Amino acid sequence: MFKDDRKRDSFYEEEVKKESRYRLLSDLERYEIFNTEEAEKYDTQQALDFIIDENGSLQFIVAAVAGSKFGFFGNREYVEIPWNYITKIGTNVIVVSADKNKIKRARA
């Protein structure tokens, strides 16, 4: 390996590290959401909503429940997930670790 190759490789590694720290909300809308505590997957076919406070910090993610039994009659079931229960954001997955008492459910 030549000296220039090492510089190039380290440059690309740094770019990948920088890129992995930042996500766009429009990218997060397409991620799958799994709750490890309840073994539940949330529906990402519907648009995700994000609740942001006046300081610009994410507070909640609002997502539809996949396979909701009320979806057949025109009602959808939604969950409001507090941001502090998000444990990991992967390349295409958001992992949540919260039991049913910490997540609000609503029908619309």
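Values in this document were obtained by computation on a predicted structure and should not be read as measured data.
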Set of side chain to side chain contact (heavy atoms under 4.5 Å, CB included) partners for V93, sequence neighbours left out: F34, V95

Contacts of type side chain to side chain contact (heavy atoms under 4.5 Å, CB included), residue D99, not counting sequence neighbours: E38, N101, K102

Results of salt bridge (charged side-chain N to carboxylate O under 4.0 Å, His left out) for E37 - residues two or more places apart only: none

Straight-line distance of I103 CD1 to Y85 OH, nearest 0.5 Å: 9.0 Å

Interatomic spacing from CD1 in I33 to CG in L48 - rounded to 0.5 Å: 4.5 Å

Residue pair Y78, E80: steps toward the side-chain hydrogen bond (donor to acceptor under 3.5 Å, both in side chains) verdict: CA-CA 7 Å; Y78 293 92; E80 186 178 273; over 6 Å; no

Heavy-atom pair of closest approach, residues S97 and T87: CB-CG2, 3.5 Å

Closest approach of V96 to I86 (non-hydrogen atoms, all atoms of both residues): CG2-CD1, 4.1 Å

Listing, residues 53-64 side-chain donor-acceptor contacts under 3.5 Å, not counting sequence neighbours, or none:
unit_1, atom_1, unit_2, atom_2, d
D53, OD1, N55, N, 3.2
D53, OD1, G56, N, 3.1
D53, OD1, S57, N, 2.8
D53, OD2, Q59, NE2, 3.1

Check: N92 side chain, E32 main-chain N or O, donor-acceptor pair, under 3.5 Å: no

